[in-house]
2 protein chains.
Amino acid sequence: MSESSTLRPTRQRRAITEALAGASDFQSAQDIHDSLRQAGEKVGLATVYRTLQAMADAGEVDVLQGSGGESAYRRCSTHHHHHLVCRSCGRTVEVTGPAVESWAEAVARDHDFAEVSHSLELFGICADCRQQ
Amino acid sequence: MSESSTLRPTRQRRAITEALAGASDFQSAQDIHDSLRQAGEKVGLATVYRTLQAMADAGEVDVLQGSGGESAYRRCSTHHHHHLVCRSCGRTVEVTGPAVESWAEAVARDHDFAEVSHSLELFGICADCRQQ
DNA sequence: CTCCGATTGAGAGTCAGTCTCAATCTACCG
DNA sequence: CGGTAGATTGAGACTGACTCTCAATCGGAG
């Protein structure tokens, strides 16, 4: 439960951070591992997972629960928001919903639940993909 | 891609349906398989998965994407709703959010996305668990 | 420079879920 | 009522994502 672990900035961590910075859409841990390898960086798969998880914990990246149980990561602003993802091309739009936030809180209070968090994703087909 | 498959009502399917009817909370496919086994019903794991998926497709059961990428199933009314789940004991409350539905549609229209669906779950700690 | 704990990585292990394919069952036909 | 086509089943191999283990290595405080 404690934190403030020493968390050293190593070559590997830097590489992963950069890989995330360079990508605009969600990537799975495996994707990142691959591109890192191709870029010549030698990073172990386990390290990628560990680092990604740590970053997600710290709120530095966003996690999207893929349909097949795989997680996709993306560098994101730290403020709370949700995603509208194209089912076909994967394009992502960040959206915010104050209405949703307050609704969630109200519902939680209503049922006497504490420490409520919510996961919300929107999936659809974007205009471009629809034209094909 | 066609459907209207003949879908025969077999012993196994009936057993799975009953197992779902008897449970009040979400259960993973593996859970269901286990209890079926313990109840003396011989049903293959693959069959449980197949049947559950078919039922989910048909909208007869609700699917909850667990954190570890595992799916939990539950017999549910067919009308659209969301869930408030206790992180500690797993208790589930069905909730509806007209505000959310319309917000989702508005956002979708805004960004010109079609066929928009959304997944939304609320997680928290229920009053009982909090008292411990 | 040295030391110690944080970090790494290769590979084995875990776990949910899917696939394969021969055997089986069911509904329906003649 | 027997025969047949096609749906269904199940055991187990397989996949893919992720975690664990543990010895080797690294990085920074002193």
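A, B, ... follow the sequence lines: proteins, then strands. Residue 1 opens every chain.
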- Query: Listed by chain and number, what are the ring pair (Phe, Tyr, Trp, His ring centres under 6.0 Å) partners of A:His82, not counting sequence neighbours?
  - Reply: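 Counting only residues at least two positions away or on another chain, A:His82 forms a ring pair (Phe, Tyr, Trp, His ring centres under 6.0 Å) with A:His80, A:His118.
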
- Using the test ring pair (Phe, Tyr, Trp, His ring centres under 6.0 Å), find all partners of A:Phe26 that sit at least two apart in sequence or belong to another chain.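 Only A:His83 meet the ring pair (Phe, Tyr, Trp, His ring centres under 6.0 Å) criterion with A:Phe26.
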
- Message: Strictly under 4.0 angstrom, non-hydrogen atoms only: write out the protein contact profile of nucleotides 17-30 of chain D, one letter per nucleotide from the 5' end, B, S or -.
- Response: SBBB-----BB---

Rounded distance (Å) that lies between atom [atom2] of [N] and atom [atom1] of [X]:
X: B:Lys42; N: D:dA11; atom1: NZ; atom2: C1'; value: 14 Å
X: B:Glu41; N: D:dT8; atom1: CD; atom2: P; value: 18 Å
X: B:Gln27; N: C:dA16; atom1: CD; atom2: P; value: 14 Å
X: B:Gln12; N: D:dT8; atom1: CD; atom2: P; value: 11 Å
X: B:Arg37; N: D:dT9; atom1: CZ; atom2: C1'; value: 12 Å

- Task: For A:Arg14, report the nucleic acid contact type (base, sugar-phosphate, nothing); a contact means any heavy atom under 4.0 Å.
- Result: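 If one applies the 4.0 Å heavy-atom cut-off, A:Arg14 turns out to touch nothing in the nucleic acid.
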
- Query: Remaining members of A:Ile125's ILVMFWY cluster at a side-chain heavy-atom cut-off under 4.5 Å?
  - Reply: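 Result for A:Ile125 is none, singleton.
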
- Item | Linked hydrophobic residues, B:Phe113 as query - side chain contacts closer than 4.5 Å |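 A:Leu84, A:Val93, A:Val95, A:Val100, A:Trp103, A:Val107, A:Phe113, A:Val116, A:Leu120, A:Leu122, B:Leu84, B:Val93, B:Val95, B:Val100, B:Trp103, B:Val107, B:Val116, B:Leu120, B:Leu122, which link up through side-chain heavy atoms under 4.5 Å apart, make up the rest of the cluster.
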
- Query: Can you name the nearest heavy-atom pair linking B:Arg87 to A:Ser117, along with the distance?
  - Reply: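 Closest approach of B:Arg87 to A:Ser117: NH2-OG, 3.1 Å.
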
- Item | All pairs passing salt bridge (Lys or Arg N to Asp or Glu O under 4.0 Å) where residues 119-132 of chain B contributes a residue, at least two apart |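 For residues 119-132 of chain B, and leaving out neighbouring residues, the salt bridge (Lys or Arg N to Asp or Glu O under 4.0 Å) pairs sorted by first residue read A:Asp112-B:Arg130, B:Arg91-B:Asp128.
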
